**Student:** 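Right, I'll just put the structure down here and ask away after.
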Amino acid sequence: MGAPGPRGVLRGEKNLEKITTDHPHGVGASAARPDGILKVRGEFAYSSDLWAEDMLWGTALRAPHARARIRSVDVSAALALPGVHAVLTHEDVPGRRTYGLEIEDQPVLAVDQVRYHGEPVAVVAADHPETARRAAAAIAVDYEVLEPICTEEQALDPARYGYVHAPAEYRGKAAGNVLHRQRVVSGGGVTDAVRARADVVVRGEYRVGMQDQAFLGPESGLAVPAEDGGVDLYVATQWLHVDRRQMAPVLGLPEEKVRISLAGVGGAFGGREDLSMQIHACLLAQRTGRPVKVVYGREESFFGHVHRHPATLRYEHGATRDGRLVYVDARIVLDGGAYASSSPAVVGNAASLGVGPYEVPHVSMEALALYTNNPPCGAMRGFGAVQACFAYESQLDRLAAALDMDPVELRQRNAVREGSLMPTGQRIDSPAPVAELLRRVKALPLPPAAGPDVRELPGALSNSTHGEGVVRGVGYAVGIKNVGFSEGFDDYSTARVRLEVIGGEPAAMVHTAAAEVGQGGVTVHGQIARTELGVERVTIHPADTGVGSAGSTSASRQTYMTGGAVRLACEAVREALFARGRARYGWTHDDLSLAGGKVVSAADGVLAGVAELLGGEYVEETRVYRHRPTQPLHPETGQGFGHVQYSFCAHRAVVDVDVELGLVRVVELAAAQDVGRAVNPSAVVGQIHGGSVQGLGLAVMEEIQVSEGKVRNPSFTDYLIPTILDTPPQPVDVLELADPHAPYGLRGAGEAPTLSSTPAVVSAIRAATGLTLDRVPVRPEHLTVQRPPTG
Amino acid sequence: MEFLRPATWDEALTLKAELPQAVPIAGGTDVMVELNFDRRRPPALLDLGGVAELGGWESDGAVVRLGASVPYTRIIEELSGPLPGLALAARTVGSPQIRNRGSVGGNLGAASPAGDSHPPLLAAGRGVQVEAASVRGTRLIPIDAFYLGVKRHALEPDELIRAVRIPVADGPQQFSKIGTRNAMVIAVCAFALALHPDDRTVGTGLGSAAPTPRRAVEAEEFLAGALAEGGLWESGGALDGAVARRFGELVAAAASPIDDVRGSAQYRRHALAVMARRTLAWCWAEYGERLERSAA
Ligand SMILES: Cc1cc2nc3c(=O)[nH]c(=O)nc-3n(C[C@H](O)[C@H](O)[C@H](O)COP(=O)(O)OP(=O)(O)OC[C@H]3O[C@@H](n4cnc5c(N)ncnc54)[C@H](O)[C@@H]3O)c2cc1C
C-alpha cells in the first residue's frame with residue numbers, strides 16, 4: 001500500500017488531489033509546531049499566567065450538597081473582610097440567569113436550589129486569591145438538604161423520587177427526567193420474525209464509569225472591563241463564539257461588546273466546551289470596574305467542567321451460524337447529570353453510531369440521557385461513541401465465542417465498507433476500510449514475552465510479582481466516529497488571510513477564531529497557507545472574536561473545517577493577486593500558481609514576484625467554509641443523512657495480567673487508522689497515540705467516583721491517569737484513502753483512536769483471565785474478589 | 001505565615017520549643033500538598049533544609065542511623081545493601097521528583113497509614129527506633145510505639161525527628177505494594193517481610209491495611225515457629241505450600257482494612273495474603289542461596 005513515509009506513516013495510493021505546491025513545510029509535511037519549543041521549555045504563557053495591573057482575584061463558593069434547597073444566603077461577613085471588593089449572587093446577574101450549549105437550563109449562580117455537588121452559589125472578588133477564598137468560606141448559606149436523584153431507577157420514577165428540574169422548565173425533547181431521547185429503527189426493527197432468523201443470540205449489560213478529561217491547565221482567564229461598557233475576556237476555551245453567544249445575554253450586553261481572545265490552553269478534550277469561569281469573571285469585572293482573574297485549583301477543576309457520561313448499555317445481538325449479523329436490539333442510558341450541556345448531541349451520536357462499523361439488517365436502538373443530581377456530563381473526546389463502542393465490541397467478542405469463530409474474522413465479515421448503509425439509512429460515500437484496518441493490526445508481529453525486569457511486569461516498580469500469576473492476553477476492537485457537527489447543524493468556519501510584503505519577502509497572516517487546545521491547529525493552518533500561497537513566512541494571528549466563528553475545536557473537525565476555510569481564503573487571495581497581474585500586465589494565462597514567492601505560469605515560467613505585484617499594498621480575503629449539509633435524525637426512526645463524515649480506527653491490545661492480584665500492564669497497543677490525508681503525519685500519529693492512551697485510561701483506571709451525588713476523588717492523587725510507565729509502545733499504521741467531499745481528502749482524526757482502545761484492552765484482559773468483564777474501568781477487585789462469571 | 005530557617009540542629013530545637021505549632025518541612029512533598037489544598041494553615045514553617053546532620057547517614061556495621069531528611073533517591077543508591085527492605089519500598093515512592101525530595105523523616109512525620117517506609121521499618125526488627133529530640137533531650141521511640149492513629153504519632157509538640165536507627169539486615173527482606181497504576185501511586189495496600197536468621201525471628205509490616213501501619217504478629221510467630229520446627233533455618237529446605245498459605249491467611253487476618261476510593265477491604269485482605277505468600281517465596285529462595293553460598 002505505498003512506501004513508508006515519515007515515522008512509519010504509510011501513504012495511500014488513492015490520493016485524490018494533487019497538491020498544487022510541494023512545499024517542504026506545507027500540506028503533508030511533518031512541520032514543527034510553532035508553540036512546541038515554548039511548551040517544552042515551560043515558557044508558553046497559559047491562561048493561568050495572565051496578569052493585569054490592578055487586577056482582582058475571583059473565586060466561587062460551591063455547594064457541598066448534590067441536591068438542596070437554598071433557604072438563605074448571607075454575604076455580609078464576606079463583604080466585611082478587608083480586601084474584598086465584591087460578593088455576587090444570582091440577584092446580581094444583570095441579564096438572563098441561565099445559560100447552556102443546547103438548552104439554557106444552567107444557572108450562572110444557583111437561584112433557590114442546587115442540583116449537583118460543586119454547583120456555584122456565589123462569587124467573590126478580592127485583592128488577593130487567599131482573601132477571596134477566605135471570603136467565600138465566610139458566606140453563610142442555609143441549605144435544606146434533599147435526597148439526591150442519582151440512579152436510572154430514581155430518575156425514571158419522578159412520581160416517587162421527584163424532578164431534577166421543575167417539569168415546566170423542560171425544554172427541547174426533554175420530559176420527566178429524560179433530557180433527550182433518540183431512537184434508530186432500520187429494516188423494520190427487531191421483530192419476532194427477525195429474531196427467529198438468528199441461530200445464535202448473545203446479550204449483555206455493560207457499564208462505563210465517569211471519565212474526566214483531566215486536562216493539565218486548569219480553567220482560568222482574565223476579564224477586563226472596557227470603556228464602552230463592554231468587557232474583554234482572555235480565556236482558555238474551545239469555541240470563542242459560542243462562549244460569547246451564551247455570555248452576552250447574561251451580562252446584559254450586545255454580543256459585540258463581549259470581546260473574547262483565546263489565552264494559552266492547557267488541553268481541553270471537550271471539557272472546555274461548556275462555560276466555566278467566563279461569566280463569573282466578567283460579572284465581577286463589571287461590578288468592580290477592575291480586571292478580574294480567576295484560576296481554578298485542581299480540585300475545583302474537577303467540579304468546574306463536565307465529564308464523560310457514565311452509561312448503562314443493554315445489547316442483544318443475533319447472528320446466523322456462519323457469523324452474519326441479523327439484528328441488534330439495544331438501549332443506551334446516559335447519565336447527563338444536573339444540566340443538559342451537550343447531552344442531546346451525545347445521545348444522537350450514541351444512537352446513530354451505536355451498532356458500530358457493521359452492516360446490520362435489522363436495528364432497534366434507543367439512546368437516552370437522564371437528568372440526575374450527579375455532576376453534569378457533556379463533551380469528551382469520542383462523544384457518545386466511546387460508551388457504545390465498549391458495548392458493541394464486547395458483544396462482538398461474546399458473539400465470536402458463541403460461534404467459536406475468530407473475533408477478527410467475525411468483525412471483518414460484517415464490517416461496513418464504502419457503499420454500506422448505516423442504520424440511519426445513510427449510505428457511506430467515501431472509503432471505509434474497516435476490514436483492512438483490522439487486517440493490518442492483526443498482521444503486526446506480537447511483542448515478546450516480558451523479561452525479568454519488574455518494570456516489564458504488572459505492578460512494575462511496586463514489586464508485586466516476579467512473574468507469578470502473569471498471563472498474557474490479546475484483544476481487538478474497531479470503532480466508528482462521526483466528524484464535524486451532525487444532525488442538520490449549520491456547521492461553518494471562518495478564516496481571514498492576508499498576503500503582504502515584510503522585509504522584502506512575501507508573508508501571509510492567517511486569522512481565525514479556532515481554539516488551539518494542543519491539537520496542532522495552528523501548525524496545519526500555517527501549512528495550508530504555505531502550500532496554497534507558495535510563501536515561507538506565515539504568521540498565525542491570535543484567535544479572537546475579531547473574526548467570524550471557527551466553530552468548536554471538537555468533533556475532530558478543525559483541520560477539516562478551519563483548514564477548509566483557510567484554504568478557501570488563500571484561494572481568494574491568490575485569485576485577487578492574479579487579477580492584479582491581469583489588470584497591470586495583461587496576463588491571459590489560465591495556468592498560474594504561486595511558488596517560492598513568485599507567480600508562475602506552467603507554460604511560461606516565472607511571470608512576476610509577489611512583492612513586485614503587491615507594491616506596498618496587501619491583499620486580504622475572508623471566507624466562510626461549510627461542510628456539506630446534514631439532516632436531523634427522524635425522532636422516532638432515526639433515519640436521515642445525519643453525519644458529514646465517518647472516521648475509523650482499529651486497535652490490537654496485548655496485556656499481561658497478574659490474575660491473582662488483578663493488576664494489568666498493557667504491553668503494546670497497536671493502531672491502524674484511515675485519515676484520508678495526513679496533513680501533518682507526525683501530528684496525526686500524536687493524536688492516535690494520545691487518543692489511544694486516553695482509552696487505555698478508561699479501560700483500567702480513570703473514573704470519577706460518585707456516591708449519593710458526591711464526588712469522592714477530585715484530585716490527581718485518586719483520579720488516576722496513565723503515567724509513562726503505563727503507556728506501552730504503540731505502533732501506528734496510517735492509511736490515506738481520500739474522502740472526495742473533504743478538503744485535501746482529509747478525514748478528522750482526533751477522536752476515533754479513543755473509541756476502540758478501551759474495548760481492545762478489555763478484550764485482552766478477558767482473553768488473559770477468561771472473565772466476562774462488562775464494566776470499565778476494570779479494577780483489581782473485578783479480576784479477583786468480585787469476579788464476574790467466566791464466559 | 002512565618003518561615004523559620006535554622007542553620008543548626010540546636011537552633012531548630014530551640015525554635016520548635018519556642019513555637020511548638022511551627023510545622024517542620026523537610027522535602028515538603030507532604031507539607032506543600034497540605035498547604036496547597038488549604039488543609040492546614042500553620043503560623044510558621046520550620047525549614048529543616050539548612051540542618052546538615054539530618055541529610056546524612058552513618059553506620060557502625062550493626063545499625064544504620066538514617067538522618068531524617070535523607071531523600072529516597074539516596075536510600076536507593078546508598079543503602080540497598082544494609083537496608084534492602086526500605087530501599088525496595090523507596091523505589092515505589094511517587095516519581096523521580098518525589099524520591100529526590102521525600103524522606104523517611106517526613107514519612108514518619110506525616111504518619112499516614114499509606115506511607116511506604118512504615119512496613120519495612122516495622123519488619124526490620126525490634127531494634128528499629130525513632131530518635132526524637134527536643135531541648136529537653138533525646139529519647140528513642142521503638143517503631144512499634146510510634147504510630148498512634150491515622151496521621152498521629154508519638155512525638156511531643158516540641159520534638160523533632162533527628163534520625164531513625166535501623167539494624168543492618170541479617171537476612172533477606174522484601175517489599176510489595178499494590179497500586180492501580182504502574183507508577184506514582186499511593187498504596188492500596190503494602191506488605192514488607194524480613195527474615196532474621198540471627199535470632200530466628202520473622203518481621204512483617206502492613207501498610208494501608210489499618211488505621212496505622214502494623215505488624216502481623218501472629219503470622220510472624222507462626223512462620224518463625226514453622227521454620228524452627230522443620231529445622232529449616234539450618235537446612236534452607238523447601239517450604240511447605242501449606243505453611244506459605246497459612247502465613248498469608250494470618251497476614252490478611254491481621255489487617256483491619258476499609259472500603260475507600262482506592263480499593264475494597266475485601267480486596268486488600270486478598271492482596272495482602274498474595275503478597276505475603278510471594279514475598280515469603282522470594283525471601284526463602286534468597287535465604288537458600290545464601291546458605292548454599294556460605295556452605296561452598
Ligand atoms: C506526587 C506525590 C506522590 C507521593 N507518593 C508517595 C508514595 O508513593 N509513597 C509514600 O509513602 N508517600 C508518597 N508521597 C508522600 C510524601 O512524598 C512522603 O510521605 C514523603 O516521605 C514525605 O517526606 P518529605 O521529606 O517530603 O516530608 P515533608 O512534606 O517535609 O513533611 C511531612 C511531615 O513530616 C513532618 N516532618 C518532616 N520532617 C520532620 C522532622 N525531622 N521531625 C518531625 N517532623 C517532621 C512535617 O512537619 C510534615 O508533617 C507522595 C507525595 C506526592 C506529592
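The shown structure was predicted, so the numbers you read here are calculated from the model rather than taken from an experiment. Below, chains carry the letters A, B, ... as their sequence lines are ordered, and counting in each starts from 1.
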**Student:** Distance from A/Ser462 atom OG to B/Asp116 atom CG, nearest 0.5 Å?
**Tutor:**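 Separation between the atoms: 8.0 Å.
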
**Student:** State, to 0.1 Å, how close B/Val261 and A/Gln705 come at their nearest heavy-atom pair, and which atoms those are.
**Tutor:**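 Scanning both residues, the minimum pair turns out to be O-NE2, 2.8 Å.
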
**Student:** How far does CZ of B/Arg278 sit from OG of A/Ser464, to the nearest 0.5 angstrom?
**Tutor:** 6.5 Å

**Student:** Non-hydrogen atoms of chain B under 4.5 Å away: do they reach the side chain of A/Ile721, the backbone, both or neither?
**Tutor:**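 A/Ile721 touches chain B through backbone and side-chain heavy atoms alike.
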
**Student:** Can you confirm whether A/Arg41 is buried at CZ, in the sense that more than 12 heavy atoms of other residues, nucleotides or ligands lie under 6.0 Å from that atom?
**Tutor:**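 No, because the 6.0 Å sphere around CZ of A/Arg41 holds 12 heavy atoms or fewer from other groups.
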
**Student:** Sort A/Arg665 into side chain, backbone, both or neither according to what part of it lies under 4.5 angstrom from a heavy atom of chain B.
**Tutor:** both

**Student:** Can you tell me which of B/Thr92, B/Val93, B/Asp260, B/Val185 forms the most heavy-atom pairs within a distance under 4.5 Å of chain A?
**Tutor:** B/Thr92

**Student:** Top residue by heavy-atom pair count (under 4.5 Å) with chain B, among A/His466, A/Glu703, A/Met701?
**Tutor:** A/His466

**Student:** Hey, does the side chain of B/Arg181 reach the backbone of A/Thr723 with a donor-acceptor pair shorter than 3.5 angstrom?
**Tutor:** no

**Student:** Can any side-chain N or O of A/Asn463 pair as donor or acceptor with the backbone N or O of B/Phe175 at less than 3.5 Å?
**Tutor:**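 A pair under 3.5 Å: yes.
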
**Student:** Which heavy atom of A/Val785 sits nearest a heavy atom of B/Ser264, and at what distance?
**Tutor:**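 The pair with the smallest heavy-atom distance is CG2-OG, 4.4 Å.
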
**Student:** If you round to the nearest 0.5 Å, how far is CG of A/Leu461 from CZ of B/Arg99?
**Tutor:**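 Separation between the atoms: 6.5 Å.
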
**Student:** Provide the closest heavy-atom pair for B/Ala183 versus A/Leu725 in the form atom of the first, atom of the second, distance.
**Tutor:**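 Shortest heavy-atom separation between B/Ala183 and A/Leu725 comes out as CB-CD1, 3.6 Å.
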
**Student:** Any non-hydrogen side-chain atom of A/His782 less than 4.5 Å from a side-chain atom of B/Tyr267?
**Tutor:**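 SC-SC contact between A/His782 and B/Tyr267 ruled out.
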
**Student:** Using a strict cut-off of less than 4.0 Å between a Lys/Arg side-chain nitrogen and an Asp/Glu carboxylate oxygen, indicate whether B/Arg41 and A/Glu130 qualify as a salt bridge.
**Tutor:** yes

**Student:** Donor-acceptor pair, distance only, cut-off 3.5 Å: does the side chain of B/His270 make one with the backbone of A/Glu660?
**Tutor:**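 Yes, the answer is positive, given that a donor and an acceptor are paired below the 3.5 Å cut-off.
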
**Student:** Can you tell me how far CD1 of B/Ile186 sits from CG of A/Asp718, rounded to the nearest 0.5 angstrom?
**Tutor:**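 One finds 7.5 Å between CG of A/Asp718 and CD1 of B/Ile186.
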
**Student:** Non-hydrogen atoms of chain A under 4.5 Å away: do they reach the side chain of B/Val188, the backbone, both or neither?
**Tutor:**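 B/Val188 has no heavy atom closer than 4.5 Å to chain A.
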
**Student:** Under a 4.5 Å heavy-atom cutoff, which of A/Val664, A/Leu457, A/Thr465 has the most pairs with chain B?
**Tutor:**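 Highest number of heavy-atom pairs under 4.5 Å: A/Thr465.
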
**Student:** If you define the side chain from C-beta out and look only at heavy atoms, does anything of B/Met184 sit under 4.5 Å from A/Asp726?
**Tutor:**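 They are not in contact (no side-chain heavy atoms under 4.5 Å apart), so the answer is no.
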
**Student:** Pick one of side chain, backbone, both or neither for A/Gln786, based on which atoms fall under 4.5 Å of a heavy atom in chain B.
**Tutor:**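 Contact with chain B involves the side chain of A/Gln786 alone.
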
**Student:** Any heavy-atom pair between the side chains of A/Pro780 and B/Thr180 that's under 4.5 Å?
**Tutor:** yes

**Student:** Once rounded to the nearest 0.5 Å, what's the spacing between atom CG of B/Asn36 and atom CD of A/Glu299?
**Tutor:** 12.0 Å

**Student:** Relative to chain A, which of B/Arg268, B/Lys177, B/Met275 shows the most heavy atom pairs under 4.5 Å?
**Tutor:** B/Lys177

**Student:** Counting only heavy atoms closer than 4.5 Å, note whether B/Phe191 contacts chain A via side chain, backbone, both or neither.
**Tutor:** neither

**Student:** Check whether more than 12 heavy atoms from other residues, nucleotides or ligands sit under 6.0 Å from atom CZ of B/Arg101, and answer yes or no.
**Tutor:**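 Open: at most 12 neighbouring heavy atoms sit under 6.0 Å from CZ of B/Arg101.
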
**Student:** Measure the shortest side-chain to side-chain distance between A/Glu456 and B/Asn182 over non-hydrogen atoms and say whether it is less than 4.5 angstrom.
**Tutor:** no

**Student:** Counting only non-hydrogen atoms closer than 4.5 Å, does A/Pro777 touch chain B with its backbone (N, CA, C, O), its side chain (CB onward), both, or neither?
**Tutor:** neither

